[in-house]
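Here is the naming used below: chain letters follow the sequence lines, and residue numbers restart at 1 for every chain. Since this is a predicted model, take the numbers as computed values, not measurements.
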Amino acid sequence: MQEKPRAYDHKEIEAKWQKEWAKTGIYTTKDGANGADGEGGASEGAEKQKCYVLDMFPYPSGEGLHVGHPKGYIATDIYSRFKKMSGFNILHPMGWDAFGLPAENYAIKNKVHPRIAVEKNIARYKEQLSIIGFNYDWTREINTTDPAYYRWTQWIFLKLLEKGLAFQSYEPINWCPSCQTGLANEDLDDGKCERCGSVVEKRPMRQWVLKITDYAEKLLEGLNDLNWPESIKESQRNWIGKSEGAEIGFPIEFQHGQKPGLIPVFTTRPETIFGATALIFSPEHLWVTLALDEKHKGVLNNADEVRAYVRQSAKKTEIDRTNIQNEKTGITLDGVWAINPATKEKIPVFVADYVLAGYGTGAVMSVPAHDERDFAFAKKFNSSIKEVVVPNIVDKRNPPVVGKKFVERKNIHAIVKDLQSGKYLALKWKNFDWTTFPMGGVEEGEDVVGAAMREVREETGFKNLKLVKVIDGQVRAEYFAAHKDENRIAYTTAVVFELVDHEKDEIKTAEKEQHDIIWIDESKINYENMTHAEANVWRERLLVEATSFAGPGVLINSGKFNGLDSSAEKTRVDIVAEVGGKIVTRYKLRDWVFSRQRYWGEPIPVIHCEKCGVVPVPEKDLPVMLPEVENYAPTGTGESPLAEMHDWVNVKCPNCAGAAKRETNTMPQWAGSCWYYLRFMDPKNSKTFVGAPQEKYWDPVDVYVGGAEHATRHLIYARFWHKFLYDIGAVATTEPFMRLQNVGLIHAEDGRKMSKRFGNVINPDDVVNTYGADTFRLYEMFMGPFNQSSVWDTKSIMGSRRLIERVWRLQEKVIISEESTQQSRDMGEGTDVKKPDIKKLENLLHVTIQKVGSDIESFSFNTAISCLMVLSRELENQTEISKTTWEIFLQLLAPFAPHLADELWAALGHHRSIHQSSWPVVDASKITQDTAKIIIQVNGKVRGEIEIAMDSSEERVKEQAFLQENIQKWLNGATIKRIVFVKNRLLNIVI
RNA sequence: GCCGAGGUGGCGAAAUUGGCAGACGCACUUGCCUUAGGAGCAAGCGGAGUAAUCCAUGGAGGUUCAAGUCCUCUCCUCGGCACCA
């Protein structure tokens, strides 16, 4: 670099290298199966370890890219460049997910054919991506709307059909009135269409459904082994919604004596069945429909009202139905009873729309005492509440004594509030260190309130009490009753009173001798201050409204199961067996509604024949091409616009050659993305969807990068298809994406999402034009943690530009000729005398090699760049830079700033691209340092530091430390209690 | 309500998993240089204090020689699920 280098011109450099890369085709991937990888024939692709790095391919919308979109692509570009330099055979492809509503809506609005609009959008996207300098292998580009691609999407559908996993259904489904199509559960956002925000309706219609529920367990299980963000895995677990419980039959009886059979209910808490005081149907339950049928006239005394209720429920929107805040509604079925199979008691039967038709069996046993919703319903409809589980407390301070007998007691605690002082009545015991409420046993023939009043009168003399409430729910406690020398199992009810006045009866001397009356604050009602193990429960329940108890405990009122642990597996199993039920597992996951009544999607490849029914299109006739239509706007009739294409629709049955019609529904947007990652492995194959050797070599995707918004749709659907393909032997792995990295959004400077609507879009083309692609790439990666959302800040981008320019200037200091300088002699072989600062630089260089590598591996690009900044500053401080050091530095920079790196690399005389060079190797000997900096603390506060030989002993360090003036000052003759020494780290002197 | 991820300077953020809190960058301040450019260079930059030092990682307790990091409670922000029995 003798002559003064020209000024840094990003436009010239970037255009030059993009052209060069395209010309030499250095990013074209060779299959492992296909041999050499084009790098001078040095290695065979097959011998290299493969690394498949994938972006979630974009939906090419009319708006074009904003600066947020390329963020993930920059990351995969850096990652794959790094992996390639590290010796991996890289697959890093890009394609287009172009079927679906947005393209179609855009086309309708702008009066162009969706195909034309998509072509235009793709061209625009590609142009925008091209100037950022990505290493995509464009020879593998795919497009889901290409017949050569969707032919295989249709083929997979036929396989699903063949295996019984695709079927037609007539269940009511979600219908978006604005998009005029049916939607899957996953397409709803809070009961609204995810696309347009319209409230969806339930609409019965014919539809194709994929049986994803068959894979619920496998989809759940498979998550455990995936290197995915915990939040995504958790979202999927929630979505699949596994719950284990029991199905139990409840016999039904009609008023005239008929016994029409058993109604199965699903419950996750079968152990509470003795508390089931009602049977509740969802309005859509088949049995309700039958009971309202003409044939069963006379069974219900209130059939008209019930019919009206069912009709009214049907009219409610899904949001209304499922809003937890809404008051419960329902109606009794007058003339019908159910029998609780545990207690054999008759219980009332209701219809209520808080019971969902689509979950469990569509009917529930109502246990108000232990379920919040049942409790609210029972309160409103005055049905009975029967407690069968009580919390159980073993008194820690006063535990049962081994060897003493256990006595069961039914107890009361009287909680009496003095209205004047606001304090509570308590007893201070004389013979024991006890503070208690007035308390005692409930005697024969007495109720809890009577017992409580009696105890207050006997123990304190107060007689004018006003009942406030009996606290719902007993508490079981195990403790040692010292005053009776026995272990107690006490079932205690608390009764709350207000003290009207202080008028008293005389109390017995015996009572007086036992305890004094004291008054305590409400805040003292707890186990800390009182003897009662139950005190904390009372405190919790004292001021709140009555509610159900859903926690674990001990069974009561449950016949032979009394006293058992309600949460024990055995208890549940035994109770289920007792009532003739069975243990079952249920999932919230619904089958995937797979048909759309729209034009722009893959035609579902089946034919409806009057004689043969549903006939799959023969594989040889694939693809079923999407025909050109005059009008592709939705019809709203439940048929897609394809239904108007009579020439296309009317075909001969492949089976019987009779008259038949094509299916006119199309597939949902998510179909194409369910398997595109497989197609990239072998994109041009016309014989099969992916060649077996290619699949075997490349599958699975090693790193998959994209937004978290796909958690419960694309990422579940694709896993489902993949597992299906595995089951039919079409792929060799059970999971498609081994590692998932979420990319955080980039918000506009106003903090909102970037959108044309808000007029706050930053266009990557402008940024690249002004600052250059390398600067743009560095900036986006430096903004913050990769998976975190951040705010675009145009001012901050200069920091990245400064790094680029600093690197550009550094080339002036590079010494090309190794022999001619002092530094290179210092760094040369066989020289053991090295200047300390040269050693320091070598150390920094190798620490940086290591750090940048591990940071890229973990997607911590911000800290990797920070290290490069530190190193660049250090290089700037040097008077000259050796060629070796400079080369290593450029290689570390290459994944981040590929254009600049290649430019400076070429200036050194290299003829092959830096991106084909090998990632520098860390020299472990250069990472270890000769000296360590040791922090000297006095009482944990830093008071000094010393530089000392690596691995120095505690003695050596102490010696040095005590010499320090500052340390002496702090010690100041004090006696040393203790010294903590951490090798090469710190010395802490405790005085 | 349940589950998950977070809370550190004016701002974006670091912090080898318990060992110097604030690396790196933006903004800002002062000075230098200049062919006035979003340039470069030097120094400073959590708060208080002349200083020594003290106080600081949402809040309150605790464990420890030592806590942003571990434990208990609590408050707030974001994301997912939600009348799923």
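- Geometric assessment of A:K71 against the ring of A:F786 yields a positive cation-pi assignment under the 6.0 Å and 45° thresholds.
- Looking only at atom types and distance, the side chain of A:D187 has a donor-acceptor partner in the side chain of A:W670 under 3.5 Å away.
- Checked for salt-bridge contact, A:R590 and A:E186 miss the test: no charged N lies under 4.0 Å from a carboxylate O.
- In terms of phosphate contacts, A:Y354 brings no side-chain nitrogen or oxygen within less than 4.0 Å of OP1 or OP2 of B:rA85.
- Atoms CD and CD1, from A:E780 and A:I746 in turn, are 3.5 Å apart once rounded to the nearest 0.5 Å.
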Sub-3.5 Å pairs of nitrogen or oxygen atoms, protein against nucleotides 52-56 of chain B:
residue : atom : partner : partner atom : Å
B:rC54  : OP1  : A:R943  : NH2          : 3.1
B:rC54  : OP2  : A:R943  : NH1          : 3.4

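- No donor-acceptor contact under 3.5 angstrom links the side chains of A:S282 and A:Y359, judged on distance only.
- Across all strands, A:P229 comes closer than 4.0 Å to no nucleic acid atom at all (heavy-atom distances).
- Among the atoms of the strands shown, none is found under 4.0 Å from any heavy atom of A:E709.
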Exercise. What do the steps show when you test A:R802 against A:E876 for salt bridge (Lys or Arg N to Asp or Glu O under 4.0 Å), and what is the final call?
Worked result: CA-CA 13 Å; A:R802 282 186 193 122; A:E876 198 171 40; over 6 Å; no

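- Taking the six-membered ring wherever Trp is involved, the centroid distance between the rings of A:F377 and A:F375 does not fall below 6.0 Å.
- At a non-hydrogen distance threshold of 4.0 Å, A:K588 from residues 584-593 of chain A come into contact with RNA chain B.
- Protein atom CG of A:N185 is 13 Å distant from nucleotide atom C1' of B:rA82, rounded to whole Å.
- You won't find any donor-acceptor pair under 3.5 Å spanning the side chain of A:K977 and the base of B:rC65, going by distance alone.
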Taking only distance into account, with no hydrogens and no angle test, what donor-acceptor pairs under 3.5 Å do side-chain atoms of residues 977-991 of chain A form with protein atoms, sequence neighbours excluded?
residue : atom : partner : partner atom : Å
A:N984  : OD1  : A:D951  : N            : 2.8
A:N984  : ND2  : A:D951  : OD1          : 2.9
A:N988  : OD1  : A:G940  : N            : 3.0

Exercise. Stepwise, does the side-chain hydrogen bond (donor to acceptor under 3.5 Å, both in side chains) test hold for A:D793 with A:Y779?
Worked result: CA-CA 10 Å; A:D793 179 20; A:Y779 172 62; 5.3 Å; no

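- Look at A:R978 and you'll find a side-chain N or O under 4.0 angstrom from OP1 or OP2 of B:rC65.
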Expected rows: protein N/O vs nucleotides 2-5 of chain B N/O, under 3.5 Å:
residue : atom : partner : partner atom : Å
B:rC3   : O2'  : A:E234  : OE2          : 3.0

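- The closest side-chain donor-acceptor pair between A:D371 and A:S548, if any, does not fall under 3.5 angstrom.
- At a threshold of 4.0 angstrom between heavy atoms, the contacts of A:V265 with the nucleic acid are absent.
- Distance check: A:E874 CD to A:L841 CG gives 6.0 Å after rounding to the nearest 0.5 Å.
- A:R237 has a carboxylate O that lies under 4.0 Å from a charged side-chain N of A:E230, or vice versa, which qualifies the two as a salt bridge.
- Between the OG atom of A:S860 and the CE atom of A:M781 there is a distance of 12.0 Å, given to the nearest 0.5 Å.
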For this session: Quick one, give me the B/S/- string for nucleotides 19-32 of chain B, reading 5' to 3', where B means a protein heavy atom under 4.0 Å from the base and S means that only happens at the primed atoms, P, OP1 or OP2.
Result: BB--BBSSS-----

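- Of all the residues in residues 852-860 of chain A, not one reaches under 4.0 Å from RNA chain B with any non-hydrogen atom.
- Whole-Å rounding puts the A:E749 CD to B:rG12 P distance at 14 Å.
- Proximity note for A:W239 (side chain, C-beta onward) versus B:rA85, B:rA82, B:rG40: the nearest is B:rA82.
- As rounded to the nearest Å, B:rU30 and B:rU74 have P atoms that lie 49 Å from one another.
- Here the straight-line distance linking atom CG of A:N340 with atom CZ of A:F274 works out to 7.5 Å at 0.5 Å rounding.
- Of the candidates B:rC41, B:rG38, B:rG12, B:rG12 carries the atom nearest the A:Q788 side chain, counting heavy atoms from C-beta on.
- Across every strand in view, B:rC65 sits in a pair with B:rG19 that passes the Watson-Crick or G-U test at under 3.5 angstrom.
- Among the protein residues, A:T770 comes within range of the nucleic acid bases, having at least one heavy atom under 4.0 Å from a base atom.
- In this structure, A:R237 reaches neither bases nor backbone, as no heavy-atom distance under 4.0 Å exists between it and the strands shown.
- Here the CG-NE2 distance, from A:N769 to A:H10, works out to 6.0 Å after rounding to the nearest 0.5 Å.
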